[in-house]
2 protein chains.
Amino acid sequence: MLEKIISQGLKATGRRMTRTRKAVLSLLERTHEPLSASEIFAQLQEDQVAIDLVTVYRTVNVLKDLGLVAQLDLHHEGQSRYELKEGRKHHHHIRCQVCGKIVDLLLCPLKKLTKLIEERTKFVVGDHTLEFTGFCPQCQ
Amino acid sequence: MLEKIISQGLKATGRRMTRTRKAVLSLLERTHEPLSASEIFAQLQEDQVAIDLVTVYRTVNVLKDLGLVAQLDLHHEGQSRYELKEGRKHHHHIRCQVCGKIVDLLLCPLKKLTKLIEERTKFVVGDHTLEFTGFCPQCQ
DNA sequence: CCTTTATTGCAAGTCTCTTGCAAGTAACAT
DNA sequence: ATGTTACTTGCAAGAGACTTGCAATAAAGG
Ligand SMILES: [Mn+2]
Ligand SMILES: [Mn+2]
Ligand SMILES: [Zn+2]
Ligand SMILES: [Zn+2]
């Protein structure tokens, strides 16, 4: 179970499992869209969890360090979003430019391309980001 | 020539060609990496062009409105970059995670994928962003 | 239960980008 | 050329996301 896996990661790096970290984790676990820090903060307030926005930022950064959360910087959003990586595979997103809805695209067309790019540019390719924008079914 | 094309666009929207807009345009024209507002500001200072950072922001926004400049939000950079679209075709970038160097990738593998995504998600797909990161030849 | 040390909340700070407004200037008509 | 008008600029201030300093709090382990 997730909390156990993450406790191990925390301990291995001299960190502790706390009430606030559990709350952020449990929220990320049951949410199916990537969340911004302020959205995490607002949702936890609603859930009657006492937490400061600063702690949300520190928590997502810890989870990112542990490799358990992905940080997304979507085009023109001006804020990062975070989603659990644990148990989900590499994928990308499409976002509605009207209502902001974000949907997973469970695909990645870039494996082959990486080789081509390494040949052409002499870079060693590490990561990539890919995002689509458009109009969702409700906003067309 | 570029300045003429852009003068027309400005006039058509009730705007004027000014000393500062010429300076920003000419810098973007001769630069082959996308530039941030503060980089534009710093380079123009070096070129002895009197301009305020606020004016740089306003200028790139005007050029973006006219469709003459693309705004890039690269992963984890925390600032936007701008590059001329005029005369260059749709492409993507790879950035060195050590030195920050940005190189054009003169390709886009996403035409086909768009149809597939529209079928799967029922979105109408508009735009996309794609960026690679890695280590450039000097930083490996 | 006690000690140690990581974590938290609050305040303040940083950074990018935007906005209000008076002064400056490009565009156009006289 | 000169004047009129309205767009543009610079400066100051503000907004928003995110970070940092520090004293108080609370995990973890004995
Ligand atoms: Mn996702
Ligand atoms: Mn480019
Ligand atoms: Zn991918
Ligand atoms: Zn493309």
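Remember, it's a predicted structure, so these values are computed and weren't measured experimentally. Every chain is numbered from 1, with letters handed out A, B, ... down the list of sequences.
- Applying the side chain to side chain donor-acceptor pair (under 3.5 Å) criterion to A:Thr55, with sequence neighbours excluded, gives no partner residue.
- The ring-ring contact (aromatic ring centres under 6.0 Å, His included) analysis of residues 13-57 of chain B, with sequence neighbours excluded, yields no pairs.
- With sequence neighbours left out, the side-chain contact (heavy atoms from CB on, under 4.5 Å) criterion links B:Arg58 to B:Val54.
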Output a table of donor-acceptor pairs, distance under 3.5 Å, between side-chain atoms of residues 105-121 of chain B and any protein atom two or more places apart or on a different chain; print 'none' if there are none.
unit_1, atom_1, unit_2, atom_2, d
B:Thr114, OG1, B:Leu110, O, 3.0
B:Glu118, OE2, B:Val125, N, 2.7
B:Thr121, OG1, B:Ile117, O, 2.7
B:Thr121, OG1, B:Phe123, N, 3.1

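- Note that the first and last nucleotides of DNA chain D, 5' to 3', having any atom under 4.0 angstrom from a heavy atom of chain B are D:dA6 to D:dA12.
- Applying the side chain to side chain donor-acceptor pair (under 3.5 Å) criterion to B:Lys22, with sequence neighbours excluded, gives no partner residue.
- With the end axes of the helix from C:dC1-D:dG30 to C:dT30-D:dA1 each set by five pairs, the angle from one to the other reads 30° at 10° resolution.
- A heavy-atom distance below 4.0 Å to DNA chain D is reached by these residues of residues 41-59 of chain A, ordered by number: A:Val54, A:Tyr57, A:Arg58.
- Residues that satisfy the salt bridge (Lys or Arg N to Asp or Glu O under 4.0 Å) test with A:Asp47, not counting sequence neighbours, are A:Arg30.
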In residues 133-140 of chain A, what donor-acceptor pairs under 3.5 Å come from side-chain atoms, sequence neighbours left out?
unit_1, atom_1, unit_2, atom_2, d
A:Gln140, NE2, A:Phe135, O, 3.2
A:Gln140, NE2, B:Lys122, O, 2.7

Base versus backbone protein contacts along nucleotides 24-30 of chain C [heavy-atom cut-off under 4.0 Å; B, S, -]: --BSS--
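- The side-chain contact (heavy atoms from CB on, under 4.5 Å) check on B:Glu33 picks up B:Lys101, B:Ile102, with sequence neighbours excluded.
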